[in-house]
> 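Would you mind keeping the following structure in view while I ask a few things?
The structure presented is a predicted model; accordingly, all values stated were derived computationally and were not measured.
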Amino acid sequence: MNLDFSIIAPSIPFILKGILVTLEFTLTSAVIGFLWGTLLSILKISRVRLLRTFGVVYTSVFRGTPLLVQLSIVYFATPQLIGYDITPYMAGVITFGLNSAAYISETIRAGILSVDPGQREAALSLGVPYRRMMMDIILPQAVKNILPALVNESIALLKDSTLVSTIGAGDLLRRADIVSANTYKYFEPLIIVAGIYYVMVICLTWAGRRLERRLQRSDRSAERVQVVRGADGAPQRVA
């Protein structure tokens, strides 16, 4: 094997600048996907048939078509449809946000249904508005239950972000392709990019597991400490 990293060494800073682009793209897409996916999950459990149908059809379309096709439609067809030249970054964020929402909506829906129905019934019997019940009672518990699945979706989004290189976005893979074309060295830049992605995925996995363990410890602490009333009626803590 004729490996020579010295040839691409001057171009390594150029490749590393793609880390910021990749992380910014992934974070923005993840936020859009989570917010829109949360709304979709609520629509799917709504009692209004039209809203449920919209949520189911939306999920079916975005999960049933290739992501690369969706990206191409948004980037290349948008100027034809609305006469506006969309940037590669914007096209990627929109496409990945909408696509991720379809998967996240199913995950959140399952998390909502996993919450004890008695809590919803108790909140409604106390006159708690539906919106406040979902935001303050149901969704926090649902997100805690599905945290590992959300971390996995974020990892998949990070790795799939390489697709934006096909429309010219300056992410890690696109910059590696540029270096390869200039130096005629293809293996070395791709190895560097693969290593960078591996480190980012490991860091994201570690952060997700650490957060999950912290939430589990807080749950166990809450279960161990109970409030009871003594003979004088004063509250007492027991372990």
> Quick one: OG1 on T166 to CG on L71, what's the gap to the nearest 0.5 Å?
5.0 Å
> With a 4.5 Å limit on heavy-atom distance, are the side chains of L157 and S29 in contact?
yes
> Stepwise, does the side-chain hydrogen bond (donor to acceptor under 3.5 Å, both in side chains) test hold for S105 with K44?
CA-CA 9 Å; S105 65; K44 291 178 182 179; 2.8 Å; yes
> Find out if a path of hydrophobic residues (ILVMFWY) with successive side-chain heavy-atom gaps under 4.5 Å connects V193 to Y184.
no
> Between OG of S11 and CZ of F5, what distance do you get to the nearest 0.5 Å?
13.0 Å
> Return the CE to OG1 distance between M134 and T38, rounded to the nearest 0.5 Å.
9.0 Å
> Check the surroundings of atom OH in Y198: do more than 12 heavy atoms from other residues, nucleotides or ligands lie under 6.0 Å from it?
no
> So L23 and L27, side chain to side chain contact (heavy atoms under 4.5 Å, CB included) or not? Walk me through it.
CA-CA 6 Å; L23 292 178; L27 179 60; over 6 Å; no
> Report the residue from I45, L113, I146 that forms a side-chain contact (heavy atoms from CB on, under 4.5 Å) with I108.
I146
> Evaluate the criterion side chain to side chain contact (heavy atoms under 4.5 Å, CB included) for residue pair Y186 and D177; output intermediate values, then yes/no.
CA-CA 8 Å; Y186 294 90; D177 290 339; over 6 Å; no
> Which atom pair, heavy atoms only, marks the closest approach of V61 to Q70?
O-NE2, 4.3 Å
> Could you give the distance from CD1 (I15) to CG (D171), rounded to the nearest 0.5 Å?
11.5 Å
> Q141 side chain to I137 main-chain N or O, any donor-acceptor pair under 3.5 Å?
yes
> Taking all non-hydrogen atoms of both residues, which atom of V151 and which atom of L204 are closest, and how far apart?
CG1-O, 4.2 Å
> Are the side chains of I82 and T78 in contact, using a 4.5 Å heavy-atom criterion?
yes
> Between V199 and C203, is any pair of side-chain heavy atoms under 4.5 Å apart?
yes
> Side-chain contact test, heavy atoms from C-beta onward, threshold under 4.5 Å: evaluate it for T53 versus R49 and give yes or no.
yes
> Please report the closest heavy-atom contact between L173 and S165, naming both atoms and the distance.
CD2-OG, 3.5 Å
> Please answer: with hydrophobic residues joined when any side-chain heavy atoms are less than 4.5 Å apart, are I8 and L190 in the same cluster?
no
> The test is side chain to side chain contact (heavy atoms under 4.5 Å, CB included); show your working for T87 and M90 and say whether it passes.
CA-CA 5 Å; T87 64; M90 187 179 301; 3.2 Å; yes
> Among the clusters formed by ILVMFWY side chains lying less than 4.5 Å apart, do W206 and L211 turn up in the same one?
no
> Output, in order, the C-alpha distance, side-chain angles, deciding distance and verdict of ring pair (Phe, Tyr, Trp, His ring centres under 6.0 Å) for Y103 and F62.
CA-CA 9 Å; Y103 291 90; F62 277 89; 9.6 Å; no
> I need the I138 CD1 to I42 CD1 distance, nearest 0.5 Å.
10.5 Å
> Name the residue from T26, L163, I32 that meets the side-chain contact (heavy atoms from CB on, under 4.5 Å) definition with F96.
L163
> Hey, are the side chains of L16 and I196 touching, using non-hydrogen atoms and a 4.5 Å cut-off?
yes
> In sequence, state the C-alpha distance, the side-chain angles, and the governing distance for T22 and Y197, and then conclude on side chain to side chain contact (heavy atoms under 4.5 Å, CB included).
CA-CA 10 Å; T22 299; Y197 272 105; 3.8 Å; yes
> Check V179 against P189 and note the closest heavy-atom contact, atom names and distance.
CG1-CG, 4.1 Å
> Can a donor-acceptor pair be found, under 3.5 Å and without considering hydrogens, that links the side chain of R109 to the backbone of S41?
no
> Got L40 and F54 here, is their nearest side-chain heavy-atom distance under 4.5 Å?
yes
> Without hydrogens or angle criteria, can the side chains of S100 and E153 be said to hold a donor-acceptor pair below 3.5 Å?
yes
> On a heavy-atom basis, which atom in A169 and which in P88 lie closest, and how many Å separate them?
N-CB, 3.9 Å
> Kindly work out whether a path of hydrophobic side-chain contacts (I/L/V/M/F/W/Y, heavy atoms less than 4.5 Å apart) joins I178 to I192.
yes
> What do you reckon, is CZ of R209 surrounded by more than 12 foreign heavy atoms closer than 6.0 Å?
no
> Decide whether L172 and V164 are clustered together by the hydrophobic rule: side chain heavy atoms of Ile, Leu, Val, Met, Phe, Trp, Tyr closer than 4.5 Å, transitively.
no
> Is there a donor-acceptor pair closer than 3.5 Å between any side-chain N or O of T95 and the backbone N or O of G92?
no
> Considering all heavy atoms of both residues, which atom of S114 and which atom of N145 are nearest to each other, and what is their separation?
OG-ND2, 3.3 Å
> Would you say R52's side chain and R47's backbone share a donor-acceptor pair under 3.5 angstrom?
yes
> Are the side chains of W36 and I104 in contact, using a 4.5 Å heavy-atom criterion?
no
> Going from CZ on F34 to CG on L39, what distance comes out if it is rounded to the nearest 0.5 angstrom?
12.0 Å
